[in-house]
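Let me begin by presenting the structure, written as structure tokens, before commenting on it.
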Amino acid sequence: MWHLAAVVGLTASVSCAGLGTDLVVKSAPKATVASTTVAPPLPRCVSTLSVEQKVGQMLMPLVENPTGLAPLVAAGQIGGFALIGDPPGEIGALISTLQASSPLPLMVASDEEGGSVQRLKAVLGPLPSAQVQASTDLPDTVIERYRSYSSRMKEMGVGMNFGPVLDIGPGSGIGDRAWGADLATVSTYGKAVIQGTISGGVVPVAKHWPGLGTGQVDPHKGRTQLAGIDELRAADLTVFREAISGGLPAIMVSHGTIPGLTNDVPASISREAITNELRGNQGFTGLVVTDSMGMGAITDTMAEADAIVLAAVAGADLILVSDPSVIPGALVRLVAAVQAGSFPMAQLD
């Protein structure tokens, strides 16, 4: 089992001032049974936060240069940010400046898969695509590659990586981001990336649960329907289940729709998917992250701010936001949901 405690260094008794900058999971696991979530003991700092600050901790905007987030950071209205595009060479210094101005430690993430999806390539050097690595390298080589790479990420203030991809096959536009088209290959190399990332001091976020390989449409462009839930449980979800049993700390939920479970609703905003299937049936107690709420699979049918609220109510812990300008409005909506009781305070805490 991977030693998550070595990454997080967190106990239930810490105060706000004692939280590390790579904090990305709760102070204790959640126990889940079907749709019921039992809250863990809370860090003392939770009681010092306003409702707006609490819901702000759930929001992670996607940015190429985080400088423009300074007002949101200073107000404690976001939990952190994720890097996209081609961040500037001085990104480490920019992260440090924002951390210093934040009332709570910021979670800083990036997509460092390799190949076509690697934000810090210009700063840290290129990584091969998953497909290339699986065809040329042994798992031990992959472990060491991601250990070294993650340690350098951490040095520059990036404590979370959106990877590995655990999708089986190239469907839904995944292409060479997939490690392979069979369960064994994806599981073996996915575990190698998770092990290497954790040993380098960074939190891996396995994606795109429940697996996008059976879909046809790239979720960036529109809705993609996946295989039915029974078929997913027999294959795609097995990869995630094996990673969960090894202590996987975080999972990204996709916008794929699942016949027999969510039907026409994207998994990222579905309580049936997040709370009942992932938390309940699969027993996942780590951090649940959504894919970006600005993707076509969402915005073709609803506003990003509406989707943010739905994701929170569905059970997501950290919600990726494509357009930072929607955050003030989303905060108002989330606070109203808490006050109305549709988003329970116990779940938020």
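Note that the structure is a prediction, hence the values are computed from the model and not measured.
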I'd like to know if the side chain of [X] reaches the main chain of [Y], judged simply by a donor and an acceptor atom lying under 3.5 Å from each other, with no hydrogens or angles considered.
{"X": "T214", "Y": "A227", "value": "yes"}
{"X": "Q347", "Y": "A312", "value": "yes"}
{"X": "S199", "Y": "Q195", "value": "yes"}
{"X": "Y146", "Y": "I198", "value": "no"}
{"X": "S151", "Y": "S148", "value": "yes"}
{"X": "E304", "Y": "S322", "value": "yes"}
{"X": "E272", "Y": "G260", "value": "no"}
{"X": "S268", "Y": "V253", "value": "no"}
{"X": "S110", "Y": "I84", "value": "no"}
{"X": "Q99", "Y": "G157", "value": "no"}

Heavy-atom closest pair, residues [X] and [Y]:
{"X": "K121", "Y": "P126", "result": "CG-CA, 3.7 Å"}
{"X": "L331", "Y": "E52", "result": "CD2-O, 4.0 Å"}
{"X": "L232", "Y": "P210", "result": "CD1-CG, 3.9 Å"}

When you check the gap from the basic side-chain N to the acidic O, do [X] and [Y] get nearer than 4.0 Å?
{"X": "D306", "Y": "R333", "value": "yes"}
{"X": "D111", "Y": "R177", "value": "no"}
{"X": "E155", "Y": "R152", "value": "no"}

Set of residues satisfying ring-ring contact (aromatic ring centres under 6.0 Å, His included) with respect to Y189, sequence neighbours excluded: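 Result, ring-ring contact (aromatic ring centres under 6.0 Å, His included) vs Y189: W179.
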Validation: residues 161-172 side-chain donor-acceptor distances under 3.5 Å, sequence neighbours left out:
from	atom 1	to	atom 2	distance (Å)
N161	OD1	E112	N	2.8
N161	ND2	E112	O	3.2
D167	OD1	H208	N	3.2
D167	OD1	L212	N	2.8
D167	OD2	H208	ND1	2.7
S172	OG	L212	O	2.7
S172	OG	T224	OG1	3.4

Scan L127, D86, L83 and name whichever one has a side-chain contact (heavy atoms from CB on, under 4.5 Å) with L120.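 In the set L127, D86, L83, the residue that makes a side-chain contact (heavy atoms from CB on, under 4.5 Å) with L120 is L83.
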